[in-house]
Amino acid sequence: MNKLLTKLLKASLLTFFLIICFDAFPTTYYFSSTFGDDSRSNSQAQNQNTPWRSIQKLNSIFNSLQPGDNIMFRSGDTFHGTLVISKSGAAGAPISFGSYGSGEKPVLTGFEVVKNWVSLGGNVYEAYMPEVSSTVATVVIDDVLQAMGRYPNEDAGNSGYLTINSSSWGTISSSGLQAPTSMTGGEIVIRKNNWIIDRHAIDWHGGSYISYNAGGSSYSPRIGYGFFIQNHPATLDKHGEWYYNKGTKKMMIYFQGDPSRANIKVSTLDRVINTHSGASHVQFNNLSIEGSNENLINVDKSSNLTIENCQLEYVGKFAINAVMSRNLNVSNSQITNALNGGINLGWDNRTTVVRNNTFRKIFLKPGMGQNSDSQGNGIFMSENTSDALVEFNEFFESGSNAVYFNGNNITVKNNFIDTFCLVKDDGGGIYTFAGYANTSFYNRKVTNNIIVNGIGAPDGTKGFGSNDFPYVEGIYLDLFSNGVDIDQNTIANVKSKGIFVNNGRNVSINNNKIFNAGYSIFIARDHLNNLTRNITIKNNEFLNKDSNQLHMYVRSKDNTLGQIGTFDSNVYSRPVKEGGTFRLETPGKNGMIDLQSWKDTYWIDRSS
């Protein structure tokens, strides 16, 4: 009996061991939109020669995936649908998504190619699109992202902005408004200030007056600023302009030629990848992900999510939107053609790494982004973000800020930023803001970045002064910013300020090189109850190119400039017209002084 029990026990242990071993080995499933068949069995789908076909099949078996499993998409194939991440991997055994075979990256897409166009006359065509999930934001013609139709067109004077002559809450008027028909039911896009472009549904339009739904933003229009009208069929008068009626689910397009012969792609999905239930330990590698009307990849309460060597393109809102995430890692990837933003680190994200990526063409189409503050950035980090590292990235053609950071333990280093604030301004290549909440932050480092070509976007705005530079800065520490070290950065060709400290405190600006900026350094002290203090500016090199550029502009409501902080060992150079490169705007002095007067009057910069 004992021998029998012993044999049974050994057999049970062996069976248990085999089950554990079997489950411990990861399974790889293959997908091909060209050769796949969703009716195949699980075992067949583990063979490259007999793959499954669709995202819908993948979603149906997702809950059966185990830590360490691999999902492989065939290179060169395209897969339409929203991939729902509903299961987690484990530490050291993530669920991985990648590619197999040779050729271009496999494409996960929200696009449908539209061919069923019907002519309405006058180069306007219409197509019925019942497959659109909610509304349309992203339309591509021959790989070029298109904006909605608008009045006036962007190539009109003042970049297509009409000027506001009068306004009240929910109403504006303009003598320049001469629309071809009533624009009731369309959308008004208002440049409410330099950093806000808001969109509102038009309730009524007649002559020079528009009444609109003012919800969705706390900002009011300003007289002298601009607006235009979009999202109305009467705006269609330029090749590629489009309008979508979500009530009838019909798309209209102005097209010179036969649109059925063109490659016109319209996004039918809000999201292409969506995490559910706090899914964690998931990896994406060597994929092209494109064509969302909202967030391309939505990360909700997830941890240990890795996106590597991927192409993220044609985005309605954010390429990656993360809320309450932990250990998000984005590396060696390209983020291009995003209508509103690249990476958005919203509420309470921690331990994020964004490394060695390229951001290009972010927020370049006015009226296609989102309302209110903090929109249009290459990367945005909320005040609840902490422990983020942004390094070795490249940013080209940013409509607003390339990098906008808040939070604690933030490092932005070794990045290259070229051409920014093209659509809205009062921003910078690198920007941060505390505001009237006056939150105290700590351990924020901006180090060894190269920032060039701050352009500014004055059209549709009204300057405060006739000789003002466009409101664009290389590094911008906006209202009450604090706890920032700015070290070893190179800033060049910025229309306004190389570095702007707007009523900040506890800031060090050391070992930087600033060339060809309207003002190398600008310091504002406008709030007597929260004076600018503990600013260190040492060992910097400032080189002006033109005689109208200044090394230093200090604006203060009191005369205690010597108490701002420590200035020393800086090099101030302007080959043309050396004198008068410091501008003071204080109760005691309003005008230019030279370096020696700056030293003698305020006893600062003694070794400069």
**Report entry** Flag for Thr336-Glu313: side-chain donor and acceptor within less than 3.5 Å
**Finding:** yes
Query raised in the report: Considering all heavy atoms of both residues, which atom of Gln375 and which atom of Asn371 are nearest to each other, and what is their separation?
Result: CG-O, 3.4 Å
Query raised in the report: Can a cation-pi geometry be assigned to Arg191 and Tyr225, taking NZ or CZ under 6.0 Å from the six-membered ring centre and within 45° of the ring axis?
Result: no
Query raised in the report: Is the His80-Phe111 ring centre distance short of 6.0 angstrom?
Result: no
Query raised in the report: Taking side chain as C-beta onward, heavy atoms only, is Lys57 less than 4.5 Å from Ile55?
Result: no
Query - Heavy-atom closest pair, residues Ser32 and Pro51 - result: CB-CG, 3.7 Å
Report summary line: Scanning both residues in full, the closest heavy-atom pair of Pro152 with Gly160 reads CD-O, 3.4 Å
Requested in this report: From the options Tyr404, Phe500, Phe380, select the one residue that forms a ring-ring contact (aromatic ring centres under 6.0 Å, His included) with Tyr431.
Outcome: Tyr404
Requested in this report: May I ask you to test the Ser302-Ser280 pair for a side-chain heavy-atom distance under 4.5 Å?
Outcome: no
Report task. Give a yes-or-no answer on whether the side chains of Asn285 and Asn309 include a donor-acceptor pair shorter than 3.5 Å. Result -> no
Query raised in the report: Regarding Arg360 and the six-membered ring of Phe396, is the cationic atom NZ or CZ under 6.0 Å from the ring centre and inside 45° of its axis?
Result: yes
Requested in this report: Side-chain contact test, heavy atoms from C-beta onward, threshold under 4.5 Å: evaluate it for Asn263 versus Ile141 and give yes or no.
Outcome: no
Query raised in the report: Just wondering, are more than 12 heavy atoms of other shown residues or ligands nearer than 6.0 Å to CD in Gln56?
Result: yes
Query raised in the report: With distance as the sole test, does Ser372 use its side chain to make a donor-acceptor pair with the main-chain N or O of Ser217 at under 3.5 Å?
Result: no
Query - Glu294 and Lys317 ion-paired at < 4.0 Å - result: no
Query raised in the report: Taking atom types as modelled and ignoring hydrogens, do the side chains of Asn332 and Asn356 form a donor-acceptor contact shorter than 3.5 angstrom?
Result: yes
**Report entry** Euclidean distance, Tyr314 OH relative to Ser267 OG, rounded to 0.5 Å
**Finding:** 13.0 Å
Query raised in the report: Looking at residues at least two apart in the chain, or sitting in another chain, which of them share a side-chain contact (heavy atoms from CB on, under 4.5 Å) with Val118?
Result: none
Query raised in the report: If you count the non-hydrogen atoms of other residues, nucleotides and ligands that lie under 6.0 Å from CZ in Arg53, is the total more than 12?
Result: no
Query raised in the report: Quick check, are the ring centers of Phe227 and Tyr161 under 6.0 angstrom apart?
Result: no
Requested in this report: Check for a donor-acceptor pair, side chain of Ser382 on one end and backbone N or O of Gly346 on the other, with a separation under 3.5 Å.
Outcome: yes
Requested in this report: Answer yes or no: is there a side-chain heavy-atom contact under 4.5 Å between Ile343 and Leu345?
Outcome: yes
Query raised in the report: Can you find a heavy atom in the side chain of Val354 that is under 4.5 Å from one in the side chain of Ile379?
Result: yes
Query raised in the report: Is the backbone of Asp155 close enough, under 3.5 Å, to the side chain of Asn153 for a donor and an acceptor to pair up by distance?
Result: no
Query raised in the report: Are a donor atom and an acceptor atom from the side chains of Asn231 and Tyr244 found within less than 3.5 Å of each other?
Result: no
Query raised in the report: Relative to each other, are the rings of Tyr125 and Phe255 parallel, tilted or perpendicular (30° and 60° limits)?
Result: perpendicular
Requested in this report: Ignoring hydrogens and angles, tell me if any N or O in the side chain of Ser75 forms a donor-acceptor pair with the backbone of Gly101 under 3.5 Å.
Outcome: yes
Query raised in the report: Counting distance only, does the side-chain N/O of Thr351 pair as donor-acceptor with the main-chain N or O of Asp387 below 3.5 Å?
Result: no
Query - Non-hydrogen side-chain atoms of Asn349 and Leu328 separated by less than 4.5 Å - result: no
Query raised in the report: Mind checking whether His200 and Tyr212 have parallel, tilted or perpendicular rings, split at 30° and 60°?
Result: tilted
Report summary line: Nearest heavy-atom approach of Asp38 to Ser54 is OD2-OG, 2.5 Å
Requested in this report: Taking the six-membered ring for Trp and the single ring otherwise, decide whether the centroids of Tyr30 and Trp52 are under 6.0 Å apart.
Outcome: no
Query raised in the report: Does a side-chain heavy-atom distance below 4.5 Å link Glu290 with Lys265?
Result: yes
Query raised in the report: Within a strict 4.5 Å, meaning less than it, do heavy atoms of the Glu394 and Asn415 side chains meet?
Result: no
Query raised in the report: Could you give the distance from CG (Asn408) to OG (Ser386), rounded to the nearest 0.5 Å?
Result: 7.0 Å
Query raised in the report: Would you say Lys246 has more than 12 foreign heavy atoms packed within less than 6.0 Å of its NZ?
Result: no
Query raised in the report: With a 6.0 Å cut-off on ring centres, are Phe31 and Phe79 close enough?
Result: no
Requested in this report: Take atom NZ of Lys238 as the centre, draw a 6.0 Å sphere, and report whether it contains more than 12 heavy atoms from other residues, nucleotides or ligands.
Outcome: yes
Query raised in the report: Judged by atom type as modelled, is there a donor-acceptor pair below 3.5 Å linking the side chain of Asn116 to the main-chain atoms of Tyr128?
Result: yes
Query raised in the report: Between Asp348 and Arg326, is there a salt bridge with N-O shorter than 4.0 Å?
Result: yes
Query raised in the report: Think Lys424 forms a cation-pi with Trp195, using NZ or CZ under 6.0 Å from the six-ring centre and within 45 degrees of its axis?
Result: no
